[in-house]
Amino acid sequence: MLDIKKLRENPDEISRRLALRGKTYDLQAVLALDQDRRRLQTETEKLKSERNSASKEIGRMKKAGESTDAMQESVRKTGERIAEIDAELKGLEQRQHEAMLMIPNLPHASVPAGASEADNQLVRTWGSPREFSFTPAPHWDIGARLRILDFERAARMSGAGFPLFRGAGARLERALIQFMLDLHTTQHGYTEIAPPFLCGTDAMTGTGQLPKMAEDMYQLAGEQLYLIPTAEVPVTNIYREEIISEPLPLSFVAYTPCFRREAGAAGKLTRGLNRLHQFDKVELVKIVEPAKSYEAHEQIVSHAEAVLRKLGLHYRVLELCTADISFAAAKCYDLELWAPGQNAWLEVSSCSNFEDFQARRAGIRYRNAEGRVEYVHTLNGSGVALARLYVAILENYQEADGSVVIPEVLRPYMGGLERIQPAS
RNA sequence: GGAGAGGUGGCUGAGUGGCUGAAAGCGGCAGAUUGCUAAUCUGUUGUACCGGGCAACUGGUACCCCGGGUUCGAAUCCCGGCCUCUCCGCCA
């Protein structure tokens, strides 16, 4: 959520920066609501002040044995007027709040302007595509041949878009999770969190999934609970409605499954593990002082990159343009892995700085050096998403005989297994 | 799921209609003092919003789990909800 005070002071500037996202937002409507709201608030508070002093006076008079009937009647009328104004005020507050929740974050000044994802900027590339002496297969063929992926049977029980890992394939998934958690906790200073996988409306609103993304989430029938689309939700919301008393920065890493309806996502690159309703992810979250957030942002990116480097996977880093950063983000980098079996780049990490946008929604604050209460900055980045990482491993480490070599850093987590062989 | 108890400031914990934004203690902060690594004394110490001031600050309103209600007036009374604890049931 944006700061209403800044919006009041600088509507044109804010409007201009929002327009960089490629859509226009009606700030005048919010400002009009805000003005009416403040007028009513001043009015009702003045009446309440009168009522408070009159009520105290009645108390004194009663004690003195004086008659208070006329005064009580007068205060009762004031009370009725207050109730009317408060009802109107409440409506305005709600409408203003709802309107504010629909306005996205301002892109940071450093974010390249652009009209679509085609305008995202390539920041750097690491490694190079592996040379194959044979035509590399897509992962769904590799997985089927090795009998480690079974989409058909998963679909029978859950429909399309759900993975079923088997044998060494299931262990590989688990090994990747363990490897990443260990890397981030022991090398990068993150504290491991195992959070709830279902969250309520307030948490979802706090990080920005609601109200805009309701259609993308699974909601439980008869419950005000959603399956989390990312660990960002439960982890960032740890300190919702708190003034954090622990020293900043706070760095958390969490493994969770992620659930996404992916409504309307049919089309390219949806086969196999490319796009799922359920996938595993190791997520990095940082809560930092405002002045340090851009430094922390670069750190998160480097921590996600460390995973890919240790696995020896060719990747590139993109800086998203103003049209492509997500609703809540002020700035975002994407990490994409090369998938030779599909001749495509696959997004495995999205690292965002939300500045105080989520903190303001979720009420996450701290005391700065002067002792003043201030909103924190929140960041997160996938460190990294499993399914497409898994794709890249199968497609990059495949051999002509149909086997897949296990990257060395994963072998300790695979009981020393060096290679997944086709069933004979 | 059933029965009971309870949810007050950073913490412990008083408070059953006006004198309570809230006692007391602890903790924190500031000062004083003491020669012993800490004690004693004094003062101070919540959040949000609206208004005034460049600002330090200041006037007001709201907040004692949340939402309604009663009343001139609610932390205090009534109703609904949520959560925690104990016991029982069920269960990985």
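Labels below follow one simple rule: chain letters A, B, ... track the order of the sequence lines, proteins then strands, and each chain is numbered from 1. Just so you know, these numbers use all the heavy atoms, side chains as well, and skip hydrogens, waters and symmetry mates.
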Practice item. For B/U8 versus B/A23, give the span between their P atoms, rounded off to a whole number of Å. Key: 16 Å
Check your understanding: If you measure only the distance, is there a donor-acceptor pair under 3.5 Å linking the side chains of A/Gln72 and A/Thr68?
Key -> yes
**Study point:** Heavy atoms from other residues, nucleotides or ligands near CD of A/Glu57 exceed 12 (cutoff 6.0 Å)
**Key:** yes
Check your understanding: So, A/Tyr390 and A/Glu173: side-chain donor and acceptor under 3.5 Å apart, yes or no?
Key -> no
Practice item. May I ask which nucleotide in the shown strands pairs with B/U12, Watson-Crick or G-U wobble, both distances under 3.5 Å? Key: B/A24
Practice item. Output every pair passing ring-ring contact (aromatic ring centres under 6.0 Å, His included) with a member in residues 354-385 of chain A, not counting sequence neighbours, ordered by first then second residue. Key: A/Phe327-A/Phe357
Exercise for review: Could you tell me whether A/Ser245 contacts a base, only the sugar-phosphate backbone, or nothing, with contacts defined as non-hydrogen atoms closer than 4.0 Å?
Suggested key: nothing
Check your understanding: What nucleotide, of B/G18, B/C50, B/G60, holds the atom closest to the side chain of A/Ile58?
Key -> B/G18
**Study point:** Spacing of the C1' atoms in B/C90 and B/G80 (rounded, Å)
**Key:** 28 Å
Exercise for review: Respond yes when some side-chain nitrogen or oxygen of A/Asn52 is under 4.0 Å from OP1 or OP2 of B/C72, and no when none is.
Suggested key: no
Review point. Can you list every pair that meets ring-ring contact (aromatic ring centres under 6.0 Å, His included) and has a residue in residues 61-94 of chain A, with sequence neighbours left out?
Key: none
Point to revise | Non-neighbouring partners of A/Asp26 that pass salt bridge (Lys or Arg N to Asp or Glu O under 4.0 Å), sequence neighbours left out | key: none
Revision key, fill the gap. Side-chain contact check for A/Ser55: nearest option of B/C50, B/C72, B/G46 is B/C72
**Study point:** Identity of whatever pairs with B/A32 - Watson-Crick or G-U, under 3.5 angstrom
**Key:** B/U40
**Study point:** For B/U61, the Watson-Crick or wobble counterpart (both distances under 3.5 Å)
**Key:** B/A48
Write down the protein N/O and nucleotide N/O pairs, taken from nucleotides 51-59 of chain B, whose separation is under 3.5 Å; answer none if there are no such pairs.
| residue | atom | partner | partner atom | Å |
| --- | --- | --- | --- | --- |
| B/G51 | OP1 | A/Arg38 | NH1 | 3.1 |

Practice item. Please state the P separation for the pair B/U76 and B/G9 - nearest whole angstrom. Key: 15 Å
**Study point:** G-U wobble or Watson-Crick pairing nucleotide for B/U71 (cut-off 3.5 Å, both distances)
**Key:** none
Point to revise | With A/Tyr333 via ring pair (Phe, Tyr, Trp, His ring centres under 6.0 Å) - residues at least two apart | key: A/His297
Check your understanding: What integer number of Å spans the C1' atoms of B/G46 and B/G67?
Key -> 23 Å
Hey, what are the protein-to-nucleotides 64-70 of chain B N/O distances that come in under 3.5 Å?
| residue | atom | partner | partner atom | Å |
| --- | --- | --- | --- | --- |
| B/G68 | OP1 | A/Lys90 | NZ | 2.3 |

Study note, to complete from the structure: Checking B/U61, B/C72, B/C50 against the side chain of A/Arg76 (C-beta onward), the nearest is B/C72
Exercise for review: Could you let me know what B/C54 is paired to, Watson-Crick or G-U wobble, both distances under 3.5 Å, or none if it's on its own?
Suggested key: none
Review point. Choosing from B/C19, B/G60, B/G73, which nucleotide comes nearest the side chain of A/Arg51?
Key: B/G73
Could you give the side-chain donor-acceptor pairs of residues 97-104 of chain A under 3.5 Å, partners two or more places apart or in another chain?
| residue | atom | partner | partner atom | Å |
| --- | --- | --- | --- | --- |
| A/Glu98 | OE2 | A/Gln94 | NE2 | 3.3 |

Review point. Does A/Asp34 have any salt bridge (Lys or Arg N to Asp or Glu O under 4.0 Å) partners at least two apart in sequence or in another chain, and if so, which?
Key: A/Arg8, A/Arg37, A/Arg38
Exercise for review: Answer with base, sugar-phosphate or nothing: what part of the nucleic acid does A/Lys62 contact at a heavy-atom distance below 4.0 Å?
Suggested key: base
**Study point:** Who pairs with B/C87 - Watson-Crick or G-U, where each distance is under 3.5 Å
**Key:** B/G2
Point to revise | Contact under 4.0 Å: A/Arg60 side-chain N or O vs B/C19 OP1/OP2 | key: no
Exercise for review: Determine which nucleotide pairs with B/A92, using a 3.5 Å limit on both distances of a Watson-Crick or G-U wobble pair.
Suggested key: none
**Study point:** Residues forming a side chain to side chain donor-acceptor pair (under 3.5 Å) with A/Asp86, sequence neighbours excluded
**Key:** A/Thr44, A/Lys48
Exercise for review: Provide the Watson-Crick or G-U wobble partner of B/U76, both distances under 3.5 Å; none if there is no partner.
Suggested key: none
**Study point:** Protein-nucleotide distance (A/Lys46, atom NZ; B/C49, atom C1'), rounded to Å
**Key:** 19 Å
Review point. Taking side chain as C-beta onward, heavy atoms only, is A/Ser110 less than 4.5 Å from A/Lys331?
Key: yes
Revision key, fill the gap. Residues at least two apart in sequence or cross-chain that pass salt bridge (Lys or Arg N to Asp or Glu O under 4.0 Å) with A/Glu246, listed by chain then number, are none
Acceptor/donor pairs from residues 175-184 of chain A side chains to any protein atom, 3.5 angstrom cut, sequence neighbours excluded:
| residue | atom | partner | partner atom | Å |
| --- | --- | --- | --- | --- |
| A/Asp182 | OD2 | A/Tyr413 | OH | 2.7 |
| A/His184 | ND1 | A/His188 | ND1 | 3.0 |
| A/His184 | NE2 | A/Gly383 | O | 2.8 |

Practice item. Among B/U61, B/C50, B/U47, find the nucleotide with the atom closest to the side chain of A/Lys5. Key: B/C50
Enumerate all atom pairs, one protein N or O and one N or O from nucleotides 29-31 of chain B, separated by less than 3.5 Å.
none

